[in-house]
Number of protein chains: 2
Amino acid sequence: MTVGEATGQTGTSSVERCLVEVRNMILTGELLPGEKVHQADLAAQLSVSRIPLREALSRLQAEGVLTHRPNSGYQVSRFSSEDLTELYLMRRLLETELLRSAPLGAQQADRLQEINERLRKVDASTDPETYQAINHEFHFHLFDASPLRLVREEVDRLWYRSGFYRSLYLHEAPTALQVLHEHGLIIDAVRDEDIEELIRVTDEHRKGTERLAIERLGRSRRR
Amino acid sequence: MTVGEATGQTGTSSVERCLVEVRNMILTGELLPGEKVHQADLAAQLSVSRIPLREALSRLQAEGVLTHRPNSGYQVSRFSSEDLTELYLMRRLLETELLRSAPLGAQQADRLQEINERLRKVDASTDPETYQAINHEFHFHLFDASPLRLVREEVDRLWYRSGFYRSLYLHEAPTALQVLHEHGLIIDAVRDEDIEELIRVTDEHRKGTERLAIERLGRSRRR
DNA sequence: GTCGGGCGTTATGCATACCGAAGGTCATGC
DNA sequence: GCATGACCTTCGGTATGCATAACGCCCGAC
């Protein structure tokens, strides 16, 4: 699936472009949870016809980020705090398996360190998209090293599904500092090849983000 | 003069019908792993145009049962034994959570007993589809009782993804007897409200089916 | 004033038709 | 025998049209 990269998309299909665009619109908050997706307008905005757009929407429905009501169209899925808890539960279970099967060591740690330094240089509040992209890169550098291909794809999906809510808090400065610190703990565990410690600090890191996401979720409930 | 009248399914959309039909074609082996999906023929066979069919295929791609190559179309995903192992690993992790959060007791056990009796009466070799449906009902009776809605949906997807390979062995008579016996162990654990025992026997049950699926997978590799 | 129902507008779901392009196939020529 | 090129199939995408269901609005009744 790979939500993220493939930046040089010259030869990509319209469906693929629609997928990327709509995903980004959700992640950036351009499309808010609960909002209806107007097919004709969106198609015009993306300079495609309704057919490839509908195929993309159909896939996004299967991915869980859109819901569909017959004859009423698509709307952005609205997650309750219970839903978020479930997403994070699944992430914990599956990510742990990825970490257990990933190769650790100094080489991985150096690479993670380099990514974390790039993350440190980004101002999360002014450029949240870049910040999120690098944060994603940090965690998936280990996940990608795992031979568990299908599990990795599932984790990618889970990250994406909770992406909008993650964007609610990730830009906050105190959070960013805390994130950098916890990433440091993860790097240490990777360098020491201490798998249990790695899982422990990763769980802590995730638990913190889950707490923040649920807090902000409650706070963003107006209307 | 809509097509819906011909089949009598006026309530469901064409996309939904395509989804169900294609899924069944994969589960029953009418569409084999690796086989290409001819859109025009399949659309004609399902009495729909290519548009809703393509939306359904797009969703099935997101679900992992179809793969797509640009300008070459869709084909049924081919799973390696490693892939199957991953699917079963994820099933174990997620199903365990469902069982932990599901209510147990005599009432649930009675219902499972009733389902298992219906399963006993079905000849798996002559009516594999009914057999599979009831087997699914047995396991998902507990899963459905869990409050973890999203986890349940993921497990559903995982079951479906390995569905074709499950169909390779489930019809065999000795397997059927073993299945009924192991279901009995599950029922006992549910009645005793012994969650750890329930997880243990369920793991054993799943491990057995995984072993069979991988065996048959190797056996079905010709080409 | 408010509630409920009828009506028109709008958007969706789907079919048909058509086009360009990518790929595979087959025959031809060297 | 192998490379090459013409042909044809299929895919990806667009435009268009229409039937139907949902939404919104207005108006009348209470």
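We name chains A, B, ... by the order of the sequence lines, and we start the count at 1 in each one.
Between the CD atom of B/E55 and the P atom of D/dG12 there is a distance of 14 Å, given to the nearest Å. D/dG13 atom P lies 15 Å from atom CZ of A/R54, rounded to whole Å. The nearest whole Å value for the distance from the CD atom in A/Q39 to the P atom in C/dA11 is 11 Å. Rounded to an integer number of Å, the gap from CD of A/E16 to C1' of D/dG12 is 13 Å. A straight line from CZ of B/R17 to P of C/dG13 spans 14 Å, rounded to a whole angstrom. One can place NZ of A/K36 at 11 Å from P of D/dA22, the figure rounded to the nearest angstrom. Remark: P of D/dT10 and CD of B/E35 are 14 Å apart, rounded to the nearest angstrom. For the pair B/Q75 CD and D/dT10 P, the computed distance is 16 Å after rounding to whole Å.
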Quick one: which protein N/O atoms are closer than 3.5 Å to N/O atoms of nucleotides 16-24 of chain C? Pair and distance per line, please.
none

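Using a 3.5 Å distance cut-off with no hydrogens or angles, the side chains of B/T209 and B/R206 do not pair a donor with an acceptor.
Across all their heavy atoms, A/S58 and B/E55 have their closest contact at OG-O, 3.1 Å.
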#### Entry: Verdict with reasoning, A/R23 to A/E63, per salt bridge (charged side-chain N to carboxylate O under 4.0 Å, His left out)
CA-CA 11 Å; A/R23 275 200 261 249; A/E63 292 179 10; 2.8 Å; yes
#### Entry: Worked check of side-chain contact (heavy atoms from CB on, under 4.5 Å) between B/N116 and B/L112
CA-CA 6 Å; B/N116 208 32; B/L112 289 175; over 6 Å; no
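If you check C/dA15, D/dG12, C/dT12 against the side chain of B/P52, the one that comes closest is C/dA15.
To the nearest 0.5 Å, the span separating CG on A/L150 from CG on A/L94 amounts to 11.0 Å.
Around atom CD of B/E35, more than 12 heavy atoms belonging to other residues, nucleotides or ligands sit under 6.0 Å away.
A sub-4.0 Å separation between OP1 or OP2 of C/dG13 and a side-chain N or O of B/S14 is absent. In this model, the phosphate group of C/dG13 is approached by a side-chain N or O of A/H68 to a distance below 4.0 Å at OP1 or OP2.
The aromatic rings of A/H205 and A/H183 lie perpendicular to each other, with more than 60° between the two planes, well past the 30° mark.
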